[in-house]
Amino acid sequence: MKLATWNVNSLKVRLPHLLDWLAREQPDVVCLQELKCEDAAVPRAEIEAAGYHLETLGQKTYNGVAILSRTSLGAVQRNIPGFADPQARVIAATIEGVRVVGAYFPNGQAVGSEKFAYKLEWLTALTQWLRAEIALHPKLVLTGDFNIAPEDRDAHPDWKDEIHVSAPERAAFAALTGLGLTDAYRRFEHPERSFSWWDYRMNAFRRNFGLRIDHILITAPLIETLSACEVDKSTRSLERPSDHAPVIAVFG
DNA sequence: ATGACCTCCAACGGAGGA
């Protein structure tokens, strides 16, 4: 199984890139974030024509998540159970015995802000739900745009803002790994300063001024078959790119 | 530097992103 996550920053704008990339990479499962459109506006026909089933949790203007799969998606869950969230950030489904949770974590804006408090509350709710979910599904993948760079090496040394690298955010990330989830990317050797997001401004991609905030976390039974995990930076050089690159994990 | 760039909106400036 080849599984990927990609924050497309508008499904409508990025659809040509997505379709080209699906044809080239042939992933089996793709979690998408920041659709920025309602379910009714999702270009289902084009994605289905590319060979994918899809389940979405759309929202106008902001947020919105989807899971694409070559095989059918079962037991679809939208948002975090028991957490009344007006923002569309989570979708989960069972695919060939693997519970796949695709999430668009809150940005948090600035440490200490209202949005930061929401980010931490959201992370607590996600963690509580996943504790139960992992007990039900030993093979589980948590993937998406985490908006957290878990270690210093996951942020450019010149990143001066606290957001995405603060102690509370990193503690929340550690709580997730404490559930028995492993960062698939760190199971392999990578160059220093490997990132998944680069600001649109200031030639950030050319200067590799970025953060590694898009992740694929997996439970122990999936580690045995994990054979690769990479960031695909190629899409970031296209015309009108997403500011995030896809991250791809290969099992088996 | 209250910046820069991109996407969205009952839009033409502001919000949000990261």
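In what follows, every chain begins at residue 1, and chains take the letters A, B, ... in the order their sequences are listed. Just so it is clear, the values below take in all heavy atoms, side chains as well, and ignore hydrogens, waters and symmetry mates.
Grouping the Ile, Leu, Val, Met, Phe, Trp and Tyr side chains by contacts below 4.5 angstrom, directly or via other members, places A/V65 apart from A/L15.
The OH atom of A/Y118 sits 14 Å away from the C1' atom of B/dG17 (whole-angstrom rounding). In this entry the distance linking CD of A/E114 with C1' of B/dG16 reads 15 Å, nearest Å. Atom CG of A/D214 is separated from atom C1' of B/dG17 by 13 Å (rounded to the nearest Å). Distance, A/F195 CZ to B/dA18 C1': 14 Å, rounded to whole Å. Per the geometry, CD belonging to A/Q59 stands 14 Å off C1' belonging to B/dA15, to the nearest Å. Rounded to a whole Å, the CD atom of A/E34 is 13 Å from the P atom of B/dG16. The nearest whole Å value for the distance from the NZ atom in A/K115 to the C1' atom in B/dG16 is 7 Å.
Among the protein residues, A/H156 comes within range of no part of the nucleic acid, since none of its heavy atoms lies under 4.0 Å from any strand. Among the heavy atoms of the strands, none lies under 4.0 Å from A/N63. Within the nucleic acid shown, A/F209 has no heavy atom closer than 4.0 Å to any nucleic acid atom. A/N7 comes within 4.0 angstrom of sugar-phosphate atoms only, judged by non-hydrogen atoms across all strands, and of no base.
The closest side-chain heavy-atom distance from A/R24 to A/D232 is below 4.5 Å. A/S194 places none of its side-chain heavy atoms less than 4.5 Å from the side chain of A/V231.
Put simply, the side chain of A/H215 never gets that close to the backbone of A/L217: no donor and acceptor are under 3.5 Å apart. Judged purely by atom type and a 3.5 angstrom limit, A/S242 uses its side chain to pair as donor or acceptor with the backbone of A/N7.
B/dA1 and B/dC12 have their C1' atoms separated by 25 Å, given to the nearest Å. Straight-line distance between the P atoms of B/dA10 and B/dC5: roughly 26 Å, to the nearest whole Å. Remark: the separation of the C1' atoms in B/dT2 and B/dG13 is 15 Å, to the nearest Å. Using atom C1' as the reference point in both B/dA11 and B/dG16, the two lie 15 Å apart (nearest Å).
At the phosphate of B/dA18, OP1 or OP2 sits under 4.0 Å from a side-chain N or O atom of A/H244. Neither OP1 nor OP2 of B/dG16 sits under 4.0 Å from any side-chain N or O of A/N107.
Listed by first and then second residue, the side chain to side chain donor-acceptor pair (under 3.5 Å) pairs that reach into residues 104-113 of chain A are A/E34-A/Y104, sequence neighbours excluded.
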With B for base contact, S for sugar-phosphate-only contact and - for none (protein heavy atoms under 4.0 Å), nucleotides 2-11 of chain B reads --BBSSSSS-

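A salt bridge between A/D243 and A/R201 is absent, with no side-chain N of the basic residue lying under 4.0 Å from a carboxylate O of the acidic one.
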